[in-house]
Amino acid sequence: MPRTPIICGNWKMHKSPNEAVAFVNELAPRVAGYDSVERVLAPTFLALAAVAVAAHGAPLQVAAQDGHWAPQGAYTSQVSAEMLRPYVNYVIIGHSECRAFLNETDVNVNRKAKAILAAGLRPIIAVGESLEQNQAGETVDFVQSQVKAALAGVSARDMANVVIAYEPIWAIGTGLSASGSMADAIIKSAVRDTIAALYDDAVASSIRIQYGGSVKPGNMEEFMSQPNIDGALVGGASLQVDDFTALIEIAARVKG
Ligand code: PGA
């Protein structure tokens, strides 16, 4: 079965609820023709409910930027996967910024993945190596270990709802990106082949794997032309309607 490409705009700590709704209203008609691509936006928690309302009936899905594993409880600042259920389809977890600034660990990414799946939602699990690891030749081993840890205890059946985002940390927000073929090779050996070993070839060939890290209209075609890359997790270029529309158009043209 062909894998449906998925382009997710990760807005990080950008856009008020009003700005987010205005963006959705402008974007929706412009990307309406590209149904071969899943089009997803990840606003801040504060804008999530407003974006969910604005996106209702539009060809857009909504993602949260995190989701706690406990259904509720004494976890100041957190929002649970269970609470997100009415608002989102996807939940991004394990983003390198959360790993770096918020002490996100592999153990917690795994807890979150299982809770998100149990809530009937889909985790987008971000993995990726640092510049030092990349230069030391540790990329494949490290990314493999992140993938294994994130998926511990996740059933083969639930894997149909999992998306992995490979984002080399040195390429995020820096303007540097991996080359398409380099990213494809890492995605194949560190992610898809690891999933084949953990599950089987059917799971490995159906799971969707995004590339992320300074994706923009000028390099999108290079990434989308790769056989193992099924979409993109996009920060900076998802903040402008023109750029995000262009990314979706390119994904539809190359992959759709
Ligand atoms: P970037 O961010 O596109 O701005 O590099 C990607 C991400 O962090 O998901």
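Being a predicted model, the structure only gives us computed values, none of them experimental. Both counts, for ligands and for their atoms, begin at 1 and track the order of listing.
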Worksheet entry | 4.5 Å side-chain heavy-atom contact, Asn89 and Arg122 | no
Worksheet item: Just checking, any donor-acceptor pair under 3.5 angstrom between side chains of Glu82 and Gln72?
Response: no
Practice prompt. Evaluate whether atom OH of Tyr87 has more than 12 neighbouring non-hydrogen atoms of other residues, nucleotides or ligands under 6.0 angstrom away.
Written response: no
Worksheet item: Which residue holds the protein heavy atom closest to atom 9 (O) of ligand 1, what is that atom called, and what is the gap in Å?
Response: Glu167 OE2, 2.7 Å
Discussion item. Counting only heavy atoms not in Glu138 (residues, nucleotides, ligands), do more than 12 fall under 6.0 Å from its CD?
Written reply: yes
Practice prompt. Record the part of Asn10 in heavy-atom contact with ligand 1 below 4.0 Å; permitted values are side chain, backbone, both and neither.
Written response: side chain
Discussion item. I'd like to check whether Gly173 has a polar contact with ligand 1, where a contact means an N/O of the residue lying under 3.5 Å from an N/O of the ligand.
Written reply: yes
Worksheet item: Touching ligand 1 at all, Ala171? Heavy atoms, strictly under 4.0 Å?
Response: yes
Worksheet item: In the protein, which heavy atom is nearest to atom 4 (O) of ligand 1, and how far is it?
Response: Gly236 N, 2.9 Å
Response to the item:
Atoms of ligand 1 under 4.0 Å from any heavy atom of His95, numbered from 1 in the order shown, are 7 (C), 8 (O), 9 (O)
Item to complete: Answer yes or no for Ser214: is there a heavy-atom contact with ligand 1 below 4.0 Å?
Response: yes
Worksheet item: Do Thr139 and Tyr166 have side-chain heavy atoms sitting under 4.5 Å apart?
Response: yes
Fill in: Protein heavy atom at shortest distance from atom 3 (O) of ligand 1
Gly235 N, 2.8 Å
Practice prompt. Could you go through the salt bridge (charged side-chain N to carboxylate O under 4.0 Å, His left out) check for Lys188 and Asp193 one step at a time?
Written response: CA-CA 6 Å; Lys188 167 87 170 68; Asp193 290 353; 2.8 Å; yes
Practice prompt. Among all protein heavy atoms, pick the one closest to atom 2 (O) of ligand 1 and tell me residue, atom and distance.
Written response: Lys12 NZ, 3.2 Å
